[in-house]
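Order of the sequence lines sets the chain letters (A, B, ...), proteins ahead of strands, with each chain counted from 1.
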There are 2 protein chains.
Amino acid sequence: MNTPPEHVPRDHTPSQLNAPPRAGHVAPEGYDPGAFEPFAVTVDLAVFTVRDALLHVLLVQRGEEPYRGRWALPGGFLRPRESAEAAARRELAEETGLGGGTAGALHLEQLATYSDPGRDPRMRVVSVAYAALVPDLPEPRGGGDAARAGWTPLAQARRLAFDHDRILADAHDRVGAKLEYTGLATAFCPPEFTLGELQQVYETVWGVALDRPNFRRKVLATPEFVTPARGGRRRTGGRGKPAVLYRAGDAAALHPPLLRPEGPTP
Amino acid sequence: MNTPPEHVPRDHTPSQLNAPPRAGHVAPEGYDPGAFEPFAVTVDLAVFTVRDALLHVLLVQRGEEPYRGRWALPGGFLRPRESAEAAARRELAEETGLGGGTAGALHLEQLATYSDPGRDPRMRVVSVAYAALVPDLPEPRGGGDAARAGWTPLAQARRLAFDHDRILADAHDRVGAKLEYTGLATAFCPPEFTLGELQQVYETVWGVALDRPNFRRKVLATPEFVTPARGGRRRTGGRGKPAVLYRAGDAAALHPPLLRPEGPTP
DNA sequence: TCCTTAATAGTCACCCTGACTATAAAAAGG
DNA sequence: CCTTTTTATAGTCAGGGTGACTATTAAGGA
């Protein structure tokens, strides 16, 4: 039923096999023609958002074997003339239902590439993983076919298909670390946001509570991290003093960094 | 002469084409069979070492077109049942001439994956880049065939083949950043080293001078960063008071980090 | 022995940070 | 309208890490 297809036999593509070995790539002793074995290349996306003070990740439910019915990270194959980042952006637009223009502006970060043989039981697949941070919460359209898609609290995103548990864990680690020394947190926020909302991002991703006055002092002291929005203030749902609105600044790196409390995450 | 081989036509590998689409991968509207187009996958290595207070990188000279005669990062194709990290470690052992056992212990870090179509004029190649940090300076054997290999000061590693200039720049950035918040710098040092040698690593990679007493205070205050070696002291070539020897500790992350002076690297 | 060189020890002020406390501003309830 | 509640914002204070320096120790060479 689902025997993994054999790798393409060598003689299927003579023109490719006759191509000179690539790159500086001093042919190692015992140069192996099988080195040209073709691989399938995919992208996998860990799309995060903050909702209800909980970190959510976008998952899709598989409609076919293997792992039928299991949840998985969205993703797909690279097209022949498409870079991995372009593929990731295309998939992101497709899965979230956001327009290409909107999706093109989202923060996308390449995480790592997963290449263990056997990570896909059917064939040799090398996957480039990306993390994406999106602000608001447009409930995703189901992708158009049988598979479902939806935001899942990170704590409930368990037992995913393939090696996606590990990819997701790596993605979470990376995002948490990047919040410390980059202005990335603003990517989780809408164009105009309050410092309370920004603090919520940190607290949600790190899973710790931060002191509000100290957080505000630190953020405002970092040049170009946030800039006041002309809009003024926003009432955060009703009661209380409305908070001033800010916009993301130009600071890519935070100096000094905004370190999370406690020790490392062992 | 060197026309890039055509991509494998679709009907060459029907078994592969009939395989169900992988992963969560809701088939996008207009699912494209060409998505299964095979890619070649390689690894490229940026192998760094510190020599004579200068950061050096291992380069190999290309013996064939394209880019014949140009310098390039070492690397090579993934074998059919080999992960990217295994391939990188194998290439590292081959290019440096180190034994597999030694090379297996070296620090290897996955950097990023480069997948622009056209990055290799001949065919579609996706390359997983790794950075490696090696301590001493075994002059590499030439790889066994026509191509030469050797350590090159980073400043002179210009106009490399393919997109290796960019890969090398990314690698340097990443290594510099990782020195700040990890104990990675010890990977550049031999098993036993002095604090002066460790400081030399930071100064060389960052290109800045550090205050020696402050550096020593910081390093020794960080738990598990370095531990005293039983050996005692080493005379650093002759004159002066011999320095105490240390070994790398177990600290993976530095808390708080050892931030480099000045602002970010714009 | 004196001088040079390099490692190590120690000092001091500043700034960042964590932990708090106090005030201001708006909405809800009586 | 006044009070209460809630949340944003301002201010205080002590401790610790850091940058900039100075002093001491320990070796080799003239």
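In this structure a side-chain-to-backbone donor-acceptor pair under 3.5 Å is present from B:Glu197 to B:Thr194. B:His107 places no side-chain N or O within 3.5 Å of a backbone atom of B:Leu133 that could act as its donor or acceptor partner. B:Glu203 contributes a side-chain N or O that, together with a main-chain N or O of B:Leu210, makes up a donor-acceptor pair within less than 3.5 Å.
In this structure, the CZ atom of A:Arg212 is 14 Å from the P atom of D:dT6, given to the nearest Å. Between the CG atom of A:Leu210 and the P atom of D:dA8 there is a distance of 14 Å, rounded to whole Å. Remark: P of C:dC16 and CD of A:Glu180 are 18 Å apart, rounded to the nearest angstrom. Summarising the geometry, the separation between CZ on A:Phe215 and C1' on D:dG11 is reported as 19 Å, rounded to the nearest angstrom. In this structure, A:Lys241 places its NZ atom 15 Å from C1' of D:dT5, rounding to the nearest Å. Here D:dG16 presents its P atom at 18 Å from CG of B:Asn214, a figure rounded to the nearest Å. The separation between A:Gln200 atom CD and D:dT7 atom P is 12 Å, rounded to whole Å. Per the geometry, OH belonging to B:Tyr202 stands 13 Å off P belonging to D:dG19, to the nearest Å.
Between the side chain of B:Arg217 and the base of D:dG19, at least one donor-acceptor pair of N or O atoms lies under 3.5 Å.
For the pair A:Leu195 and B:Leu258, nearest-nucleotide mapping onto DNA chain D gives the more 5' position to A:Leu195.
Counting non-hydrogen atoms under 4.0 angstrom, A:Arg216 reaches the backbone sugars and phosphates but no base.
The nucleotide whose nearest atom lies closest to any side-chain atom of B:Pro256 is, among C:dC20, D:dA8, D:dG17, D:dG17. Nearest to the side-chain atoms of B:Pro213 among the listed nucleotides C:dA19, C:dA9, C:dT21 stands C:dA9.
In this structure, the separation between CG on B:Leu54 and OG1 on B:Thr152 is 11.5 Å, given to the nearest 0.5 Å.
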- Message: A:Phe162 vs A:Tyr114, test: ring-ring contact (aromatic ring centres under 6.0 Å, His included). Steps then yes/no.
- Response: CA-CA 11 Å; A:Phe162 304 102; A:Tyr114 297 82; over 10 Å; no

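Of the side-chain N and O atoms in B:Lys218, one or more sit less than 4.0 angstrom from OP1 or OP2 of D:dT18.
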